[in-house]
Amino acid sequence: LHMDINHFRWINESFGQDAGSQLLCDIATRLEQQLIPQLSLPLARLGSDEFVAAFADIDSTGLARQARDLQRSMLEPFEVFDQQVFVSMNLGGALFPQHAATAEGLLKVVELALHRGKGRSPGEYRLYQPSTTHLPAHQMIALERDLHRALNEDGLRLMLQPIVTADSIPGGRVTLSGVETLVRIEHPEHGVLSPDTFIPVAEASGLILPLGAWVMEQGLAWLAAATRQGLDTLTLSFNVSAREIHAGGLVERLAEGLARHALAPHRIILEVTENLMLERDEVVLETFNALRSLGCRLAIDDFGTGFSSMSYLQHLPFDIVKIDRCFVSELHTEPRQAALVAAMIEMGHALGLSVTVEGIELNEQARCCLDNGADHLQGYYFCRPVPAQEALARFITL
Ligand code: C2E
Ligand code: CA
Ligand code: CA
Ligand code: CA
């Protein structure tokens, strides 16, 4: 288990170094007290505010239980200069030898697991999940079972991430213009599963249909609630898989949901990637036309990463281009990346499309996109995905 204390830098800055060191000792003591009977090696401290614990003869269930107990042990406040301070942490877990065959490898993957969780939602535990693109059959079957369980036993979680407009960065006014729905599975043993893990399995098994229906209903209900709170121009973006389009019934289901929640269709955006779809596919074209007749808008997601983004744009009636986050990472330091993004924005505009850039993590990246005319921005710099239940309270003040 790899543990990383959240906001420790803030404690150091507000209370000073000495208080920080004292607090870390207190945290370590409490963690050790929680762990002593099970530890097979002493608790190790890494960097300034991270800890690693190793256990013998433990499985994923046991590890998840440890993670939960450790998080619970943090619920009581710590005393810093007579003030109470609450501490939370993110945890990553990995198993030997399933996830890595050496101690070094294990340390690497457990850190990966930690940071995947940290990147998405603070205060979470995640077991390391190997990439699923070429999963062995037994793991596919296990994931399919997880999906079934999540669907039947209230194990799906809806997250919402803001999409914003800005007049200048930093310092300018940032306005919330919409939210994108992103789904998670809350797994009883493995913590939170990321959609990158289970969406491919959901697509292959057909479970993407009930899953997509669940996300749509939750999303529309949320938008209706947001509308009642005065956020009545906010848009809602859904990710739609090719399989959902080919299965039929998507347009009818959306129209029914919109009517039932008394929502205007123009507030809905459907994001589709080109994978698995053929641009000359009649069903896709008909569905797209029906969605647009209904009044919804269509976005091409992950633009620039597939083989046929251009031909896709040529043949299908999109309204929005979402430039993939892989073009953003070095945007502020790599002139070639900046030139590519500028050209993609210009091309989108030349085709009469609105351009969104996703994956913005730094103000330099945001500024560069704005300078090049991007219409909407999305990324951790503005806001990470937020659990739907917390989103209204958060976004109303954004
Ligand atoms: P996507 O549609 O490209 O969604 C954006 C992903 O980028 C999300 O990951 C989001 O958390 C992440 N992200 C947002 N801002 C940043 C940033 O600044 N930096 C970085 N590094 N990442 C950022 P997530 O939630 O793990 O979703 C992964 C993919 O899973 C999505 O990619 C989407 O294709 C798919 N997906 C998620 N929910 C659904 C769903 O309900 N249905 C379908 N069919 N696919 C979904
Ligand atoms: Ca930290
Ligand atoms: Ca998307
Ligand atoms: Ca994307």
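All heavy atoms count here, side chains included; hydrogens, waters and symmetry mates do not. Whatever order the structure lists ligands and atoms in, that order sets their numbers, starting from 1.
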*Stepwise side chain to side chain donor-acceptor pair (under 3.5 Å) test for H7 and E13*: CA-CA 10 Å; H7 313 304; E13 277 164 18; over 6 Å; no

One finds that the ligand 1 atoms under 4.0 Å from a non-hydrogen atom of E180 are 2 (O), 4 (O)

| message | Taking the six-membered ring for Trp, are Y312 and F303 closer than 6.0 Å centroid to centroid? | response | no

Honestly curious: do V110 and L1 fall in one hydrophobic cluster under the side-chain, below-4.5 Å linking rule? no

Short side-chain donor-acceptor distance under 3.5 Å, Q22 and D18: no

Counting from 1 in the order shown, the ligand 1 atoms closer than 4.0 Å to a non-hydrogen atom of V215 are 41 (O)

So, leaving waters aside, the tally of protein N/O/S atoms less than 3.0 Å from the Ca ion (ligand 4) stands at 4

ask   = V272 and I300: side chain to side chain contact (heavy atoms under 4.5 Å, CB included), yes or no, with the steps?
value = CA-CA 5 Å; V272 284; I300 178 167; 5.6 Å; no

Under 4.0 Å from one or more heavy atoms of I208, ligand 1 contributes atoms 44 (N)

With heavy atoms and a 4.0 Å threshold, my read on which part of N239 contacts ligand 1 is both

* **Side-chain donor-acceptor contact under 3.5 Å, N363 with H332** => no

At under 4.0 Å between heavy atoms, what of R325 touches ligand 1? The answer is side chain

* Keeping the roles fixed (side chain from T287, backbone from V283), state whether a donor-acceptor pair exists under 3.5 Å. => yes

Please state whether G212 comes within less than 4.0 angstrom of ligand 1, counting heavy atoms only. no

Note: ligand 1 atoms sitting under 4.0 Å from heavy atoms of P385 are 11 (O)

Would you tell me whether T227 and R267 have side-chain atoms, one donor and one acceptor, within less than 3.5 Å of each other?
-> yes

I'd like to know if the side chain of D302 pairs up with that of T273 as donor and acceptor (distance under 3.5 Å, no hydrogens or angles considered). no

Tell me whether ligand 1 is touched by M159 - counting only heavy atoms on the residue side and a distance under 4.0 Å. no

| Taking a hydrophobic cluster as the set of Ile, Leu, Val, Met, Phe, Trp and Tyr residues connected by side-chain heavy atoms closer than 4.5 Å, whether directly or through intermediates, do I269 and F382 fall within one such cluster? | no

Note: E358, heavy atoms under 4.0 Å from ligand 1, region reported as side chain

State yes or no: do L107 and L43 share one hydrophobic cluster built from I, L, V, M, F, W and Y residues joined by side-chain heavy-atom distances below 4.5 Å, directly or via other members?
no

Polar atom proximity, E203 to ligand 1 (N or O, under 3.5 Å)
no

Minimum side-chain heavy-atom gap Q161-T181 below 4.5 Å: no

- prompt: With only distance considered, is V240 within less than 3.5 Å of ligand 1 through an N or O on each side?
  reply: no

Full working for side chain to side chain contact (heavy atoms under 4.5 Å, CB included) between T235 and R297: CA-CA 10 Å; T235 65; R297 279 177 293 165; 3.5 Å; yes

Numbered in order shown, the ligand 1 atoms found under 4.0 Å of a heavy atom of D302 are 3 (O)

Honestly, for I360 the part within reach of ligand 1 (heavy atoms, under 4.0 Å) is backbone

Check whether F78 forms a cation-pi arrangement with R30 (NZ or CZ under 6.0 Å from the six-membered ring centre, at most 45° off the ring normal).
yes

The answer for which part of D324 has a heavy atom under 4.0 Å from ligand 1 is neither

Q.
Keeping Q378 on the side-chain end and I163 on the backbone end, is there a donor-acceptor pair under 3.5 Å?
A. no

The answer for which part of R384 has a heavy atom under 4.0 Å from ligand 1 is neither

Polar-atom distance check: T181 versus ligand 1, any N or O pair below 3.5 Å? no

* Modelled atom types, side-chain donor and acceptor of S205 and E144, under 3.5 Å -> no

R184: heavy atom below 4.0 Å from ligand 1, yes or no? yes

Going by the 4.0 angstrom heavy-atom rule, the piece of Q161 near ligand 1 is side chain

Under 4.0 Å between heavy atoms, the region of V183 that gets near ligand 1 turns out to be both

For the Ca ion (ligand 3), angle spanned by E180 OE2 and N239 OD1 (nearest 10°) is 90°

